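Read through the structure below, which is laid out as C-alpha cells, and then see the notes.
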Amino acid sequence: MVLVQKVDHPGRIHLDIESDDLEAEVKRLEALGAKRVEFIKRWWVMEAPTGQRFCVVRPQRGPLESRANEWSGEG
C-alpha cells in the first residue's frame, strides 16, 4: 500500500515502517546507522544515514501476523 503525504522536511518520499515491536525495530534500525529524531504520539521519527526521514509505527491495518517481513539482523 502506498499513501501520499505532504511533509515539511527535505526529502522526496516519506516511508512508514510498521512493526508490532516498536522498540525492537528502532534498535535494529539504529544498529544499521539510523538515529532517533523525535517520538510523536505513538511512533518514532527516524533519520537514515543519508538524511532521509521515515517513521516506525504500529500496524495500521490490524495485526501483521503472516503478512510481515521478519529481519534477523544476521547475514
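All values below were derived from every heavy atom in this structure, side-chain atoms included, with hydrogens, water molecules and symmetry-related copies excluded. Every value quoted in this text rests on a predicted model; they were computed, and no experiment measured them.
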How many angstroms lie between atom [atom1] of [X] and atom [atom2] of [Y], to the nearest 0.5 angstrom?
X   : Y   : atom1 : atom2 : value
M46 : L32 : CE    : CG    : 9.5 Å
C55 : E18 : SG    : CD    : 12.0 Å
D16 : W44 : CG    : CH2   : 15.5 Å
R53 : E47 : CZ    : CD    : 5.0 Å

Salt bridge (Lys or Arg N to Asp or Glu O under 4.0 Å) against R36, all qualifying residues, sequence neighbours excluded:
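R36: salt bridge (Lys or Arg N to Asp or Glu O under 4.0 Å) contacts with E23, E30.
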Pairing residues for K27 by the salt bridge (Lys or Arg N to Asp or Glu O under 4.0 Å) criterion, not counting sequence neighbours:
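For K27 there are no salt bridge (Lys or Arg N to Asp or Glu O under 4.0 Å) partners, ignoring immediate neighbours.
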Do L29 and V56 have side-chain heavy atoms sitting under 4.5 Å apart?
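SC-SC contact between L29 and V56 confirmed.
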Check the pair R58 / D20 against side-chain contact (heavy atoms from CB on, under 4.5 Å), numbers first and verdict last.
CA-CA 6 Å; R58 298 201 185 285; D20 54 3; over 6 Å; no
What's the shortest heavy-atom distance between P59 and S19, and which atoms?
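Here P59 and S19 meet closest at CD-O, 3.3 Å.
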Minimum-distance pair of heavy atoms, taken over all atoms of G33 and P49
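Nearest pair, atom of G33 first, then P49: O-CG, 3.4 Å.
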In terms of hydrophobic clusters joined by side-chain contacts under 4.5 Å, are [X] and [Y] together?
X   : Y   : result
F54 : V45 : no
W43 : I17 : no
L15 : V37 : no

